[in-house]
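Source: prediction; values computed, not measured.
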Amino acid sequence: NWCCRLKTAISDIEVDHIDLEGCTEMTVPGQDAKVEFGSIWSFAYPIEGGGEIVVATTRPETMLGDTAVAVHPEDERYKSVQGKHVIHPFNGRKIPIICDAELVDMSFGTGAVKITPAHD
């Protein structure tokens with residue numbers, strides 16, 4: 001439970017788990033201003049050879065650790081890019097576009113999921 005806004009780790013017993021419907025500003029103990037939760041950010045990775053793939057995430061700051069972009073193998077929007085690579089915009093690293101029928105929900109966000117190890 002790393003909180004980028006509070007810049008600290010928060011244990012499960014310190015967290016009130018609340019289901020949110022979209023972007024919500026909430027009061028957080030120890031903060032003068034309300035803190036934004038539930039925001040989904042979208043950004044585009046350029047595809048090697050041309051084009052781009054847009055991913056949506058609640059944690060854009062983790063993009064430096066991304067190791068793959070996952071799409072659903074049956075999603076027609078991404079059939080032509082399966083097995084290709086995106087280029088990381090900051091360091092030029094090639095990142096594979098992989099298929100995952102179990103963890104990718106075609107109807108959520110853009111249907112493309114950034115994969116970042118060692119975070120939830």
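- Here the CD1 atom belonging to Ile115 is positioned 7.5 Å from the CG atom belonging to Leu103, to the nearest 0.5 angstrom.
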(request) Please step through side chain to side chain contact (heavy atoms under 4.5 Å, CB included) for the pair Lys114 and Thr62, ending with a clear verdict. (result) CA-CA 9 Å; Lys114 58 192 239 45; Thr62 63; 2.8 Å; yes

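- Separating the NZ atom in Lys34 from the CE atom in Met26 is a distance of 9.0 Å, to the nearest 0.5 Å.
- Hydrophobic clustering of Ile, Leu, Val, Met, Phe, Trp and Tyr side chains at less than 4.5 Å, counting indirect connections, unites Val81 with Val55.
- Taking both residues in full, the closest heavy atoms of Gly109 and Ala56 are given as CA-CB, 4.3 Å, listed atom of the first, atom of the second, then distance.
- No donor-acceptor pair under 3.5 Å is formed between the side chain of Arg93 and the backbone N or O of Thr67.
- Between the side chain of Gln82 and the backbone N or O of Pro73 there is at least one donor-acceptor pair closer than 3.5 Å.
- Note: the hydrophobic cluster containing Phe43 also contains Ile95 (ILVMFWY, side chain heavy atoms under 4.5 Å, direct or indirect links).
- Note that NZ of Lys84 and CD1 of Ile97 are 8.0 Å apart. Values are rounded to the nearest 0.5 Å.
- Taken from CD1 in Ile87 to OH in Tyr45, the straight-line distance is 11.0 Å, to the nearest 0.5 Å.
- To the nearest 0.5 Å, the span separating NE2 on His88 from CG on Leu64 amounts to 5.0 Å.
- Following chains of ILVMFWY side-chain contacts shorter than 4.5 Å, one can reach Val28 starting from Ile10, so the two form part of one hydrophobic cluster.
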(request) For the pair Val71 and Lys79, evaluate side chain to side chain contact (heavy atoms under 4.5 Å, CB included) and give the outcome as yes or no after the intermediate values. (result) CA-CA 9 Å; Val71 298; Lys79 288 275 188 186; over 6 Å; no

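- Ile98 and Met63 end up in different hydrophobic clusters when Ile, Leu, Val, Met, Phe, Trp and Tyr side chains are linked at under 4.5 Å.
- What you find for Val104 and Ala70 is that their closest heavy atoms are CG2-CB, 3.7 Å.
- To the nearest 0.5 Å, the span separating CZ on Phe90 from CG on Asp66 amounts to 10.5 Å.
- Under the 4.5 Å side-chain heavy-atom criterion for grouping Ile, Leu, Val, Met, Phe, Trp and Tyr, Phe108 is not connected to Tyr78 through any hydrophobic cluster.
- For the residue pair Met106 and Arg77, the shortest heavy atom distance occurs at O-NH2, 2.9 Å.
- Across all non-hydrogen atoms, the minimal contact from Asp100 to Glu102 is OD1-N, 2.9 Å.
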